[in-house]
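The structure that follows is given in the form of structure tokens.
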Amino acid sequence: MSNATAITPTRAQDFPEWYQQVVRAADMAENSEVRGCMVIKPWGYGLWENIQRQLDVKFKETGHVNAYFPLLIPLSYLEKEAQHAEGFATECAVVTHHRLEAQKQPDGTVKMIPTGELAEPFVIRPTSETIIGAAFARWVESYRDLPLLINQWCNVMRWEMRPRLFLRTAEFLWQEGHTAHETAEEAIAETRTMHKVYEDFMRDHLAIPVIPGEKTERERFPGAVQTFTVEAMVQDKKAIQAGTSHYLGQNFAKAANIQFLGRDNTRQLAHTTSWGVSTRMIGTVIMAHGDDDGVIIPPRVAPNQIVILPVTPKADTRDEVIAACEALAQTLRLQTFAGEPLRVHVDKRDLQGGAKNWEWIKKGVPMRLEMGPRDIANRSVAVCRRDQGPKAKEFVPKEDFLQNVTERLQEIQDALLARATALRDANMKKIETLEEFKAFFAEDSEGGFALMHWAGSSDDEDTLSKDLKVTIRCIPHGDQFAEEGKCFLTGKPSSHRVVFARSY
RNA sequence: CGGGGCGUAGCUCAGCCUGGUAGAGCGCUUGCUUUGGGAGCAAGAAGUCGUCAGUUCGAAUCUGGCCGCCCCGACCA
């Protein structure tokens with residue numbers, strides 16, 4: 001049998017359903033018995049581990065250190081910053097008891113009854129500004145204690161109404177950086193540095209071009225003075241916020257009382273920042289690069305960059321072929337790609353070759369190698385690239401392949417970035433009038449990123465969001481967006497375009 | 001929390017209207033055949049039909065309560 005595509009439906013037929021099917025076909029994650037909480041399976045978690053490790057290097061390079069803070073946050077901590085409290089109020093899981101009583105039922109079963117009510121409930125962290133702020137308040141006494149540059153890798157919980165694997169789950173994995181500084185300038189510089197780290201990481205590691213920019217007041221993190229975002233476009237032309245970096249001013253320092261004695265011998269409030277990316281990035285990679293045959297993982301972050309498929313048509317040559325594949329894998333693992341040893345897997349399972357081949361296509365491994373008796377005789381390997389069609393196969397002399405394998409991987413990495421950039425640029429359009437704007441986001445139109453002159457209010461933004469389901473994704477950085485014009489809604493003068501889009 | 005839909009084998013679902021206590025495809029196991037490709041044939045394992053109660057000689061099927069899930073909104077990384 002031969003399906004036209006490995007995934008049904010195709011992206012064009014039903015993008016949301018395609019996404020669900022792809023996650024399943026690639027065996028990356030599944031819904032668990034706990035509502036909104038996913039099980040991240042080894043192939044998905046392997047991708048997260050690579051993202052985590054590579055980002056962690058960048059955090060260390062920019063001077064940060066890792067630490068760990070409690071999962072449970074006293075309810076009163078959340079009450080200290082009014083905007084923050086309101087922002088997260090509707091999505092908090094609350095712990096109210098600290099023990100259970102096992103009650104034997106007449107039918108022999110046991111019921112567990114919560115007892116031991118807590119004097120003060122705990123909230124399972126939706127984010128850790130408040131509890132880390134409390135720690136910072138203890139740690140900071142003098143300007144000499146600053147800056148504090150801390151990062152935490154952890155899970156957080158936000159009781160979402162409508163969960164979706166990776167994109168929006170009740171529990172998710174992330175990192176949250178929290179820093180405290182002596183001056184506003186320094187804190188703003190930190191916010192921008194980390195914003196840039198995210199932008200570079202998305203482009204260079206995940207092969208996703210993002211629009212970096214600032215959020216409007218309406219879209220800002222609850223309690224922040226400024227929120228910076230990196231916005232990616234995925235293949236249904238919607239925007240996805242892939243990472244954020246917040247300048248918190250002195251709001252959280254005030255709430256948590258992070259004070260220090262300054263150079264002028266006066267007590268001052270610190271200026272803080274926070275910044276984070278989550279497992280949502282995995283969903284972004286899937287939606288940005290995947291095709292109708294499954295996921296395509298950029299080589300730099302792929303759990304396995306190369307999978308070797310032994311071709312064993314005859315039982316008597318099987319051992320020889322497998323030995324040759326293992327030897328090839330060992331040789332490859334001595335090489336490095338982007339500073340890390342090549343991650344090579346030999347799939348020795350006793351399954352039909354075609355079935356295995358398709359499995360790895362759906363998982364999105366960047367490069368598949370086939371080696372059988374004929375290849376051993378010819379001293380060649382068959383090379384299949386995931387950025388090309390499932391049938392595309394190139395027979396290459398083994399020695400040549402060993403010489404240029406990393407260049408080939410880089411070509412795949414570059415091809416994915418080029419493809420994603422082309423998609424974004426083709427669907428990003430300067431628009432001048434409200435009529436065109438409405439047409440751009442009409443039900444039956446493609447949509448995309450609309451670059452608009454904007455000088456409207458938060459209320460105007462609200463109205464547009466309700467009527468057309470579009471939001472201002474960001475006020476983008478960069479000269480190409482700066483130009484004189486008039487707001488398409490209010491007609492007021494504007495010196496800059498903003499990005500409107502539908503979003504995840 | 002509003003508006004729709006659905007809970008039957010690991011997965012996708014049929015059966016329900018017109019009660020007589022279970023079916024298909026895929027997957028899984030075994031055997032034979034096949035083998036540069038998601039293969040074929042055969043045999044087999046696997047479900048107290050979400051749950052509790054009611055009606056009935058008899059309930060997957062009818063009635064009611066409860067629980068859970070999915071989709072569309074509002075909320076969000």
Side-chain angles (χ1 to χ4, degrees), chain A residues 1-8 14 16-17 20-21 24-25 27 30-36 86-92 107 126-127 155-176 198 215 218-222 227 229-232 239-246 274-284 293-294 309-318 321 347 350-362 368-378 380-382 384 390-391 393 395 462 465-466 469 471 473 503-504:
Chain A
M1 75 151 218
S2 71
N3 286 337
T5 60
I7 304 297
T8 319
D14 184 348
E17 183 60 23
Q20 308 233 84
Q21 293 304 325
R24 186 138 87 108
D27 207 27
E30 62 186 23
N31 280 313
S32 74
E33 46 281 80
V34 183
R35 205 199 87 94
E86 276 174 48
F88 285 103
T90 58
E91 45 186 337
C92 286
D107 64 359
T127 179
N155 55 345
V156 290
M157 178 154 265
R158 299 182 188 176
W159 211 268
E160 295 294 346
M161 291 300 151
R162 273 188 58 207
R164 277 243 262 165
L165 289 171
F166 290 119
L167 298 174
R168 194 192 303 112
T169 47
E171 180 190 13
F172 57 94
L173 305 182
W174 79 342
Q175 59 69 216
E176 44 180 331
Y198 291 153
K215 286 287 185 192
R218 185 177 175 277
E219 300 280 324
R220 209 176 276 156
F221 177 75
T227 287
T229 175
V230 287
E231 297 286 327
I240 182 159
Q241 179 177 314
T244 46
S245 183
H246 316 289
S274 68
W275 30 273
V277 297
S278 72
T279 36
R280 171 179 257 202
M281 281 208 296
I282 296 175
T284 309
D293 290 323
L309 299 160
V311 180
T312 56
K314 302 225 164 36
D316 59 336
T317 55
R318 184 179 155 83
V321 169
D347 188 350
D350 182 22
L351 288 175
Q352 290 249 157
K356 281 202 276 194
N357 192 37
W358 277 102
E359 205 176 285
W360 291 110
I361 290 172
K362 288 185 275 194
R368 307 183 305 282
L369 301 181
E370 296 174 2
M371 193 143 85
R374 286 214 301 266
D375 304 299
I376 294 174
N378 300 338
S380 68
V381 288
C384 306
K391 297 276 189 274
K393 189 191 289 191
F395 289 90
D462 230 36
S465 127
K466 293 224 159 59
K469 293 176 193 149
T471 47
R473 301 317 304 158
S503 72
Y504 278 97

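What you see below is based on every heavy atom in this structure, not just the backbone, and it leaves out hydrogens, waters and symmetry mates.
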Nearest-Å distance for atom pair CD/P, residues A:E91 and B:A77
7 Å
Give me the distances for all protein-to-nucleotides 66-70 of chain B N/O pairs that come in under 3.5 Å?
none

Mind checking who B:A39 pairs with, Watson-Crick or G-U wobble, both distances under 3.5 Å?
B:U33
base_contact_polar (B:C76 base, A:R168 side chain, donor-acceptor, <3.5 Å)
yes
Counting only Watson-Crick or G-U wobble pairs whose two distances fall under 3.5 Å, which nucleotide matches B:C67?
B:G7
In terms of the nearest nucleotide of RNA chain B, which residue is placed more toward the 5' end: A:W174 or A:L309?
A:L309
Stacking between B:A77 and A:F172, yes or no? Criterion: centroid separation under 5.5 angstrom, plane angle under 30 degrees.
yes
Candidate nucleotides B:C76, B:G38, B:C75, ranked by approach to the side chain of A:A355 - the nearest:
B:G38
Rounded to the nearest 0.5 Å, what separation is found between the CG atom of A:D293 and the CD1 atom of A:I7?
7.5 Å
Hey, what do you get for CH2 (A:W275) to CD (A:E176), rounding to the nearest 0.5 Å?
10.0 Å
Let me know the distance between CZ of A:R368 and C1' of B:G38, rounded to the nearest Å.
12 Å
Considering Watson-Crick and G-U wobble pairs with both distances under 3.5 Å, what does B:A45 pair with?
none
Distance between the P atoms of B:A9 and B:U48, in whole angstroms?
9 Å
A:T312: partners by side-chain hydrogen bond (donor to acceptor under 3.5 Å, both in side chains), with sequence neighbours left out
none
Roughly how far apart, to the nearest Å, are B:C32 and B:G25 at atom C1'?
24 Å
Please report the distance separating the P of B:U34 from the corresponding atom of B:G38, rounded so that it comes out in whole Å.
16 Å
So which nucleotide does B:A14 pair with, by the Watson-Crick or G-U wobble rule with both distances under 3.5 Å?
none
Between B:A24 and B:A74 - C1' atom distance, rounded Å:
41 Å
May I have the distance from A:R158 (atom CZ) to B:C75 (atom C1'), rounded to whole angstrom?
12 Å
B:C11 C1' sits how many Å from A:I7 CD1, rounded?
15 Å
Looking only at atom C1', what distance separates B:C76 and B:C1, rounded to whole Å?
16 Å
Strand partner of B:C1, provided both Watson-Crick or wobble distances fall under 3.5 Å:
B:G73
Determine the contact category for A:R374: base if any of its heavy atoms lies under 4.0 Å from a base atom, sugar-phosphate if only primed atoms, P, OP1 or OP2 are that close, otherwise nothing.
base
What is the pairing partner of B:C57, taking Watson-Crick or G-U wobble pairs with both distances under 3.5 Å in any strand?
B:G20
If you round to the nearest 0.5 Å, how far is NZ of A:K362 from CG of A:N357?
10.5 Å
Nearest-nucleotide pick for A:Q352, side chain only, options being B:C75, B:A77, B:U34
B:U34
B:G19 to B:U61 separation - C1' atoms, rounded to the nearest Å:
6 Å
Give the nucleotide from the list B:G73, B:G36, B:G38 with an atom nearest to the side chain of A:K469.
B:G73
Take the protein atom CZ of A:R220 and the nucleotide atom P of B:C76, then report the distance between them rounded to whole Å.
14 Å
Heavy atoms only, 4.0 Å cut-off, all strands: where does A:K393 land among base, sugar-phosphate and nothing?
base
Atom CG of A:L351 and atom C1' of B:G27 are separated, to the nearest Å, by 12 Å
Taking the P atom in each of B:A59 and B:U21, what is the distance between them to the nearest angstrom?
11 Å
Using atom C1' of each nucleotide, how far apart are B:G50 and B:C69 to the nearest Å?
10 Å
Residue A:P373, side-chain atoms from C-beta onward, closest of B:G38, B:G36, B:A77
B:G36
Among A:V156, A:I282, A:L167, exactly one meets side-chain contact (heavy atoms from CB on, under 4.5 Å) together with A:F172. Which residue is that?
A:V156
Interatomic spacing from OG1 in A:T229 to CZ in A:R220 - rounded to 0.5 Å:
13.0 Å
Steps toward side chain to side chain contact (heavy atoms under 4.5 Å, CB included) verdict (A:E160, A:E91)
CA-CA 6 Å; A:E160 295 294 346; A:E91 45 186 337; 3.1 Å; yes
Hey, does A:K362 reach any base, or is it just sugar-phosphate, or nothing, if we go heavy atoms under 4.0 Å?
base
Distance, rounded to the nearest Å, where A:R164 contributes CZ and B:C75 contributes P:
17 Å
For A:T169, report the nucleic acid contact type (base, sugar-phosphate, nothing); a contact means any heavy atom under 4.0 Å.
base
Output for pair (A:I240 CD1, A:M281 CE), nearest 0.5 Å, gives 11.0 Å
I need the CH2-P distance between A:W159 and B:C1, as an integer number of Å.
13 Å
Remember a base hit wins even if backbone is also touched, and classify A:T244 as base, sugar-phosphate or nothing at under 4.0 Å, heavy atoms.
nothing
Does the pair A:R280 and A:R164 meet the rule for a side chain to side chain contact (heavy atoms under 4.5 Å, CB included), with working shown?
CA-CA 10 Å; A:R280 171 179 257 202; A:R164 277 243 262 165; over 6 Å; no
Scanning both residues in full, the closest heavy-atom pair of A:M371 with A:S380 reads SD-O, 4.0 Å
